[in-house]
Amino acid sequence: MAKSPEQIKQSYYTNIETKTGVSTADWLARIRQSGLIKHGEIVNWLKAEHGFGHGHATLLAHDALHRNAEHSILIP
């Protein structure tokens, strides 16, 4: 049975938390605290500074920016 997009996303987040020992909420907070506001900058930072693969970095960057726009919050 094929996984839904939401199940796939959750699987990515579970893998991120397992591999890094850091919760998704903490990663999103770290991104907001980094001061980076462009998707590509966040992806490159996660890859270069934290060893993320492209897919995981892209997901975190997207969600961090989407949540910021949704709530108009750049810094928690």
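Numbering of residues begins at 1 and proceeds along the displayed sequence. This structure is a prediction, so every number in the text was calculated from the model and none was measured.
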Trainee: Please identify each residue that fulfils side chain to side chain donor-acceptor pair (under 3.5 Å) with S23, with sequence neighbours left out.
Mentor: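 D26.
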
Trainee: With sequence neighbours left out, which residue pairs that include part of residues 46-56 fulfil the side chain to side chain donor-acceptor pair (under 3.5 Å) condition?
Mentor: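 As it turns out, the side chain to side chain donor-acceptor pair (under 3.5 Å) pairs with a partner in residues 46-56, which skip direct neighbours, are K47-H54, H54-T58.
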
Trainee: Which residues satisfy the side chain to side chain donor-acceptor pair (under 3.5 Å) test with E17, sequence neighbours excluded?
Mentor: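 Residues passing side chain to side chain donor-acceptor pair (under 3.5 Å) with E17: T24.
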
Trainee: Which residues satisfy the side-chain contact (heavy atoms from CB on, under 4.5 Å) test with K3, sequence neighbours excluded?
Mentor: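 Expected list: Q7, I8, S11.
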
Trainee: Quick one: list whatever passes salt bridge (charged side-chain N to carboxylate O under 4.0 Å, His left out) with K19, sequence neighbours left out.
Mentor: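 Salt bridge (charged side-chain N to carboxylate O under 4.0 Å, His left out) check on K19 returns nothing, list empty.
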
Trainee: Y12: which residues meet the side chain to side chain donor-acceptor pair (under 3.5 Å) condition with it, sequence neighbours left out?
Mentor: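 Applying side chain to side chain donor-acceptor pair (under 3.5 Å) to Y12 gives none.
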
Trainee: Would you name the heavy atoms of A64 and I31 that are closest together and state the gap between them?
Mentor: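 Looks like CB-CG2, 3.6 Å.
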
Trainee: Using ring-ring contact (aromatic ring centres under 6.0 Å, His included) as the criterion, list what pairs up with F52, not counting sequence neighbours.
Mentor: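 If we apply the ring-ring contact (aromatic ring centres under 6.0 Å, His included) test to F52, skipping adjacent residues, the hits are W27.
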
Trainee: Using the side chain to side chain donor-acceptor pair (under 3.5 Å) criterion, which residues pair with N15? Sequence neighbours excluded.
Mentor: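 Checked N15 against side chain to side chain donor-acceptor pair (under 3.5 Å); zero matches.
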
Trainee: For a side-chain contact (heavy atoms from CB on, under 4.5 Å) check, start with the C-alpha distance between I42 and L65, then their side-chain angles and the critical distance, and finish with the verdict.
Mentor: CA-CA 9 Å; I42 296 168; L65 293 173; 3.8 Å; yes

Trainee: Nearest 0.5 Å, please: how far is OG in S4 from NZ in K9?
Mentor: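 So the NZ of K9 and the OG of S4 are separated by 11.0 Å.
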
Trainee: Shortest non-hydrogen contact from I16 to T20?
Mentor: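 So the minimum-distance heavy-atom pair works out to O-OG1, 2.7 Å.
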
Trainee: Please lay out, stage by stage, how V43 and L60 fare under the test side-chain contact (heavy atoms from CB on, under 4.5 Å).
Mentor: CA-CA 8 Å; V43 170; L60 282 172; over 6 Å; no

Trainee: When rounded to the nearest 0.5 angstrom, what distance separates CG in L28 from NE2 in H66?
Mentor: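 Rounded to the nearest 0.5 Å, the CG-NE2 separation comes to 11.5 Å.
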
Trainee: Do R30 and V22 touch side chain to side chain, with heavy atoms closer than 4.5 Å?
Mentor: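 When only atoms from C-beta onward are counted, V22 and R30 do touch, with a gap below 4.5 Å.
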
